[in-house]
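Take a look at the structure below.
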2 protein chains.
Amino acid sequence: MNVTPESRVKRATIEDVAKLAGVSRQTVSRAVNDKAEIDAETKKRVLDAARSLNYRPSRFARGLIRQDTTTLGLIISDIGNPFFPELASGVLRAAQARDWQVVLYDTGEDPEREVLALSTLAAQADVGAGFLTSPEVFAHAERLGVPFAVLDPGWDAGAAPGVGIDVAGGVRLAVRHLAAAGHRRIGMVDGAADPRDKRRTSFLAVARELGLEVGEDDVQSAPRSVEGGAEAIGVLRARKPEITAVFAYNDILAVGAVRGLKAAGVRVPEDFAVVGFDGLPLGELVEPPITSVYVDIRRMGELAVAAAAELLAGRTPEPVVLSPELRVRGSA
Amino acid sequence: MNVTPESRVKRATIEDVAKLAGVSRQTVSRAVNDKAEIDAETKKRVLDAARSLNYRPSRFARGLIRQDTTTLGLIISDIGNPFFPELASGVLRAAQARDWQVVLYDTGEDPEREVLALSTLAAQADVGAGFLTSPEVFAHAERLGVPFAVLDPGWDAGAAPGVGIDVAGGVRLAVRHLAAAGHRRIGMVDGAADPRDKRRTSFLAVARELGLEVGEDDVQSAPRSVEGGAEAIGVLRARKPEITAVFAYNDILAVGAVRGLKAAGVRVPEDFAVVGFDGLPLGELVEPPITSVYVDIRRMGELAVAAAAELLAGRTPEPVVLSPELRVRGSA
DNA sequence: AGCGCTCCCGTGAGCGCTCACGGGCTCCGA
DNA sequence: TCGGAGCCCGTGAGCGCTCACGGGAGCGCT
């Protein structure tokens, strides 16, 4: 599997240490795990032998016996997007509290890499959690037999365990806010790969529900980056000059949109309003600060670990859906 | 160790599957790892049995035999600081290329938690890399016998393997830039816990080298957060009104300093200049964009993995020191 | 018929460690 | 003198899996 098969110095075993110290395996074990029933002097001799051989007990052999260490595999889309460190922060905290290990997989939103990550995760971790682009990928997790807690699926998770976000509710807050400010033509800067994505479909549904005129061409897709957002807002305004506000898929795109607008000489929020999604701390640092649909992402991470723990215990975790709230800052 | 001892459903073994399918262990193994020498029908029957028992091979038993999977333990200080996701990004990429696993430890700059992380890392990973606050903590790693690549130690790493940053060179770029712009009284917003920290000591040394008047009270310590930076700049200016520019320990603090200045009605860079360190993408998004000492952090992550690979092979990695460059943006 | 081949499948051993034992030694009190 | 209690240490077994074998069944060939 290793692309570059590298030499790997073979490690000393407990037997090697025992031989060098002139004792039995068991005595070495006693010394290393400092248990009782060992003479202080013997212990010292064993420890010295261990050091000189650079001995470290094999985690595999040890794990085989005491099945205590738990490893959680966390799948994220892009660690470059501040959303995910925020999430990881919550996961890490909860994992540490339970004395769990966390192994990280970054898939770059690529379904193939998601499947790959899922496969190695299934082999290396006890349980998984994270973001999967489509129900098909999740099905693969089930096929592998790994317990997996799905996070904020843009798609309809159905009975899949995990923690969700009330996306429709959040989008409603955003669009209502824009409509209340008098905007009648509202567009969207979309960042989803899958057209079935909830943020997109919710936006369309909510806008129509509010009696706004909106169609597919009021939505402009973009890569989830600041540059993507800036470019998308340009394209969208060129196509639909009547638009006076946008709802962005996330805060990164919102920041990009604001930048694009400012660069084009458009004043925000006076001439054009922007609302983001996620409520990242980053949004407060830019000028103007981004009005956004806030979600407690850290808590989402903690809840993910809790759900994973339930799965591990063979239980079905209670479905959790986080309710977003609108944080009105400066951009709308 | 587990704070909350939770029930954990015990997993089916290869024996269970063999019994249910009416075959031997070996045949199950052949089916699961899809190897040759097995009848298609038998394979299907075994796989069905495996599925019905929810069988997944134990990574411990498997790892005991084929010693191929490598796990890297990555120790970072605070995933909430954008610097670390940036680094993790590089590590993850390099690790993925080698088919390594990455387990993540966040220590919050707490020496005790660093030692703790080091201990579990020693037990759970093959090799480590990351940030350690002091040489004393690194000594603990050596005592444990874990190969460890130290990243950008603020302290003098001496012969410790890893990848460093030419901090003094970077600081020189920053202070020279400020001095060239006419600033004669330059302060520092420090974020280091340890007073021996290189960024701090280099600042003092470089400033004096350039003939600037500078003392300990021109340095204001602060927690490494935006708020910390904002507060520190206030304290510093109250104490030393003659200061017209600051060098910040990192970009987060620089952003905070700029915010603090703007809130106080001070114009940046017209009335007061700020230079950061790290050159994070975040710095470009704020107003004005942060002039900063840029370091290729992603590359640092990749080099860390390379160093770890060398250590794993029993070799001594060549010392690497990254050379920063000044990125002049708007704040100075 | 007998040989050799292919196709399947099973058996022992062992990876490195810990757990449950068992056993020798010294010392002390009856 | 001897039993019983520590104290220290070693010996088998086994965790769950894979690797190197070995072997039976079925086939075609001479």
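Since the structure is predicted, the reported quantities are computational estimates derived from the model, not experimental observations. Letters go in sequence order (proteins before strands), and every chain restarts at 1.
Residue pairs that meet the ring-ring contact (aromatic ring centres under 6.0 Å, His included) test with at least one member in residues 18-51 of chain A, sequence neighbours left out, do not exist here. Contacts classified as ring-ring contact (aromatic ring centres under 6.0 Å, His included) and involving residues 47-75 of chain B (residues at least two apart or in different chains) are not found. For residues 131-150 of chain B, the set of pairs meeting the salt bridge (Lys or Arg N to Asp or Glu O under 4.0 Å) definition, not counting sequence neighbours, comprises B:Glu136-B:Arg196.
Closest heavy-atom contact between A:Arg56 and B:Ala125: NH1-O, 3.3 Å.
Legend: residues meeting side chain to side chain donor-acceptor pair (under 3.5 Å) with B:Lys44, ordered by chain and number and at least two apart, are B:Asp48. Scored by the salt bridge (Lys or Arg N to Asp or Glu O under 4.0 Å) test, B:Arg93 finds B:Glu302 as partners (sequence neighbours excluded). Looking at residues two or more places apart in sequence or on another chain, you find a ring pair (Phe, Tyr, Trp, His ring centres under 6.0 Å) between B:Phe83 and B:Phe131.
Two residues are said to be in side-chain contact when any heavy atoms from C-beta on lie closer than 4.5 Å; B:Val28 and B:Val23 meet this criterion. Side-chain contact between B:His140 and B:Ser119 is present, with heavy atoms from C-beta onward closer than 4.5 Å.
Nearest-nucleotide mapping onto DNA chain C: of B:Leu64 and B:Thr27, the residue sitting toward the 5' end is B:Thr27. Residue B:Ile65 is the one, among B:Arg30 and B:Ile65, whose nearest nucleotide of DNA chain D lies closer to the 5' end (criterion: closest heavy atom). DNA chain D is contacted by both A:Thr42 and B:Glu15; A:Thr42 maps to the nucleotide lying nearer its 5′ end (nearest heavy atom per residue).
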Contacts table for residues 149-160 of chain A: side-chain donor-acceptor under 3.5 angstrom, sequence neighbours left out:
from     : atom 1 : to       : atom 2 : distance (Å)
A:Asp152 : OD2    : A:Arg199 : NH2    : 3.1
A:Trp155 : NE1    : A:Leu132 : O      : 2.8
A:Trp155 : NE1    : A:Thr133 : O      : 3.2
A:Asp156 : OD1    : A:Gly158 : N      : 3.3

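We find the CD1-CG distance between A:Ile79 and A:Leu104 to be 5.5 Å, quoted to the nearest 0.5 Å.
Looking at B:Val305, B:Leu92, B:Thr71 one by one, the single match for side-chain contact (heavy atoms from CB on, under 4.5 Å) with B:Val102 turns out to be B:Leu92.
Enclosure of atom CZ in A:Arg299 is not indicated, since only 12 or fewer non-hydrogen atoms of other residues, nucleotides or ligands lie within 6.0 angstrom.
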Provide a list of protein-nucleic acid N or O atom pairs under 3.5 angstrom, restricted to nucleotides 25-28 of chain C.
none

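Axis angle between the ends of the helix from C:dA1-D:dT30 to C:dA30-D:dT1, five pairs each and rounded to 10 degrees, works out to 70°.
Of the N and O atoms on the side chains of B:Thr69 and B:Arg62, not one donor lies less than 3.5 Å from an acceptor on the other residue. Donor-acceptor pairing under 3.5 Å is recorded for the side chains of B:Tyr105 and A:Gln101.
Here the range on DNA chain D touched by chain B, meaning any atom under 4.0 Å from one of its heavy atoms, is D:dG16 to D:dA20.
For residues 47-56 of chain B, proximity to DNA chain C is found at no residue, defined as any non-hydrogen atom under 4.0 angstrom from a strand atom. The stretch residues 32-41 of chain A touches DNA chain C through A:Asn33, A:Lys35, each having a heavy atom within less than 4.0 Å of the strand.
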